[in-house]
K.L.:
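Here it is, the structure in full.
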Amino acid sequence: MRINLSVELTDGSKQEVTASAPDLVKFETVYDISIAKLEKEMKLTHLLFLAHASLTRQKKTTLDFEAWTETVESIGVIVTGK
């Protein structure tokens, strides 16, 4: 399972981020919520956490979560067809 996210930063740049298995497991551990329930109980914090987890894992950011969120203008899920 993967969740594709679009992140727009305050500097105007955009990133497409894919949260994959390690990020989803981290999410479930931190929030004690099944990733399957995310659609019904989605919060902005959840999307930001997944994007940050993925970017950190890929070494594309060294900022901690709080500092990184200050660089984010908007975030959304990229819906793809099957």
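We count residues from 1, following the sequence as given.
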K.L.:
Could you check if a side-chain atom of E16 sits within less than 4.5 angstrom of a side-chain atom of L5, using non-hydrogen atoms only?
P.N.:
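No, side chains not in contact.
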K.L.:
Which heavy atom in W68 sits nearest to a heavy atom in L48, and how many Å separate them?
P.N.:
CZ3-O, 3.4 Å
K.L.:
Please evaluate residues M42 and L47 with respect to the criterion side-chain contact (heavy atoms from CB on, under 4.5 Å), reporting the C-alpha separation (whole Å), side-chain torsions for both, the decisive distance (0.1 Å), and the verdict.
P.N.:
CA-CA 8 Å; M42 187 181 307; L47 298 179; 3.7 Å; yes
K.L.:
CZ of R2: more than 12 outside heavy atoms within 6.0 angstrom?
P.N.:
no
K.L.:
List the steps, then state whether side-chain contact (heavy atoms from CB on, under 4.5 Å) holds for I35 with L38.
P.N.:
CA-CA 5 Å; I35 202 72; L38 186 60; 3.9 Å; yes
K.L.:
Do the non-hydrogen side-chain atoms of S13 and E8 ever get within less than 4.5 Å of each other?
P.N.:
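No, side chains not in contact.
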K.L.:
Hey, quick one: are L24 and L44 part of the same hydrophobic cluster, counting side-chain heavy atoms closer than 4.5 Å, chains of contacts allowed?
P.N.:
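Same cluster: L24 reaches L44 through Ile, Leu, Val, Met, Phe, Trp or Tyr contacts under 4.5 Å.
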K.L.:
State plainly whether one hydrophobic cluster holds both I78 and I3, where clusters connect Ile, Leu, Val, Met, Phe, Trp and Tyr through side-chain heavy atoms under 4.5 angstrom apart.
P.N.:
no
K.L.:
Here's a test for you: under side chain to side chain contact (heavy atoms under 4.5 Å, CB included), which of T69, T61, V7 qualifies with H52?
P.N.:
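Only one option passes, and that is T61.
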K.L.:
Quick one, E28 and I33 - any side-chain contact, counting heavy atoms below 4.5 Å?
P.N.:
no
K.L.:
Check for me, please, whether L55 and V25 land in the same ILVMFWY cluster - side-chain distances under 4.5 Å, paths through other members count.
P.N.:
no
K.L.:
Do other residues, nucleotides or ligands put more than 12 heavy atoms under 6.0 Å from D32 CG?
P.N.:
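12 or below, so no.
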